[in-house]
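Down below is the structure, laid out as structure tokens.
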Amino acid sequence: MSKISNAIYEIHHMDTIAARDQWVNQIHPLVKFVLTITYIAVVVSFSKYDLIGLMGMVVYPLAGFILADLSFTDSLKRLRIVLPLVCLIGIWNPFFDRVPIQFGDIAINGGVISMLTLILKGIFTVLAAYLLIATTTIEKICYSLHLLHLPEILITQFMLTYRY
């Protein structure tokens, strides 16, 4: 399959998933949009050394995938594009951040902890965006942007970029 055919198939597949008749898909799009933006803001706000606190943020994507009856392997296919970029950025943290962090008797390089938190933040934000796209059609997302009083030109540009 050519790249264009594959891209068109992916867009139609996501539209089909978002248009399913499930209760999660029937939730008002503004609620899902605000929840996703809030979740992403909370995930990004964690400190670069707060790996344990960040692990608690796995609840939203996990519950979302279970409630929406979505395939986790499909989302991992989409993560394969973003994850190497996040890893490439995070791989340099152990070299630049040499602050030792104590865990009992063990001292760990702070760069390793910050690299892991950066990777988890990237995974969680992409999964949250995937949950929004997989449970809400693009028209409903644009409608929620309209309800938030974003300029019509931006909403139209967003819709046209997605479609074409």
Side-chain angles (χ1 to χ4, degrees), residues 1-48 50-51 53-91 114-164:
M1 200 183 303
S2 71
K3 288 185 179 183
I4 292 176
S5 299
N6 192 22
I8 291 171
Y9 170 76
E10 289 293 327
I11 288 173
H12 288 300
H13 179 68
M14 288 303 295
D15 284 340
T16 304
I17 291 173
R20 292 185 302 178
D21 189 24
Q22 289 187 324
W23 71 271
V24 175
N25 296 41
Q26 303 303 321
I27 297 174
H28 198 277
L30 184 60
V31 172
K32 291 189 279 189
F33 184 78
V34 170
L35 179 65
T36 302
I37 296 300
T38 304
Y39 174 78
I40 290 172
V42 169
V43 166
V44 172
S45 70
F46 275 90
S47 166
K48 65 181 180 177
D50 194 6
L51 183 63
L54 189 62
M55 294 299 280
M57 298 304 290
V58 75
V59 173
Y60 174 69
L62 186 63
F65 277 95
I66 291 170
L67 293 174
D69 194 27
L70 293 172
S71 171
F72 192 70
T73 56
D74 282 349
S75 68
L76 289 180
K77 279 194 244 179
R78 279 135 185 101
L79 269 177
R80 78 180 189 285
I81 297 168
V82 177
L83 192 57
L85 177 66
V86 172
C87 289
L88 185 67
I89 293 169
I91 198 94
S114 65
M115 177 186 69
L116 292 174
T117 56
L118 179 66
I119 291 171
L120 281 177
K121 285 178 183 182
I123 290 171
F124 290 161
T125 54
V126 170
L127 285 177
Y130 178 77
L131 276 171
L132 176 66
I133 299 279
T135 59
T136 313
T137 62
I138 193 69
E139 291 83 11
K140 289 181 180 179
I141 292 174
C142 288
Y143 172 68
S144 67
L145 293 174
H146 175 72
L147 291 176
L148 292 173
H149 301 290
L150 261 69
E152 290 295 323
I153 189 92
L154 290 177
I155 297 169
T156 305
Q157 187 68 36
F158 180 68
M159 175 92 69
L160 290 173
T161 302
Y162 181 80
R163 287 293 173 207
Y164 301 108

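Just so you know, residue 1 is the first one in the sequence shown, and it goes up from there.
For CD1 of I153, the number of neighbouring non-hydrogen atoms (other residues, nucleotides, ligands) closer than 6.0 Å is 12 at most.
A heavy-atom distance below 4.5 Å is found between the side chains of L131 and Y60. Here the side chains of D74 and K77 are in contact, with some heavy-atom distance below 4.5 Å. Between H28 and Y143 the shortest side-chain heavy-atom distance falls below 4.5 Å. Between I141 and I133 the shortest side-chain heavy-atom distance falls below 4.5 Å. Looking at F33 and L147, their side chains never come closer than 4.5 Å, going by heavy atoms from C-beta outward.
In this structure, C87 and I119 approach most closely via the heavy-atom pair SG-CD1, 3.8 Å. For the pair G122 and V86, the tightest heavy-atom approach, listed with the atom from each and the gap, is CA-CG2, 4.4 Å. The minimum heavy-atom distance linking I40 with A128 is given by the pair CG1-CB, 4.2 Å. When all heavy atoms of I155 and L145 are compared, the pair lying nearest together is CD1-C, 3.7 Å.
Y39 places a side-chain N or O within donor-acceptor distance of the main-chain N or O of M57, the cut-off being under 3.5 Å. A donor-acceptor distance shorter than 3.5 angstrom exists from the side chain of T117 to the backbone of K48, with no hydrogens or angles considered. Here the side chain of K121 pairs no donor or acceptor atom with the backbone of L54 at under 3.5 angstrom. Side-chain N or O atoms of S75 include one that pairs as donor or acceptor with a backbone N or O of F72 at under 3.5 Å.
Here the CE atom belonging to M55 is positioned 6.0 Å from the CZ atom belonging to F124, to the nearest 0.5 angstrom. For the atom pair CD1 (I89) and CD1 (I91), the distance works out to 12.0 Å, reported to the nearest 0.5 Å. Once rounded to the nearest 0.5 Å, the distance linking CG of L150 with CD of Q157 reads 13.0 Å. Residue T135 holds its OG1 atom at 9.5 Å from NZ of K140, rounded to the nearest 0.5 Å. In this structure, CG on L30 lies 11.0 Å from CG on L35, to the nearest 0.5 angstrom. Residue I37 holds its CD1 atom at 9.0 Å from OG of S144, rounded to the nearest 0.5 Å.
Residues passing the side-chain hydrogen bond (donor to acceptor under 3.5 Å, both in side chains) test with S47: none are found, sequence neighbours excluded. Residues satisfying the side-chain hydrogen bond (donor to acceptor under 3.5 Å, both in side chains) test with K32, not counting sequence neighbours, are T136. A search for side-chain hydrogen bond (donor to acceptor under 3.5 Å, both in side chains) contacts involving H146 returns E152, not counting sequence neighbours.
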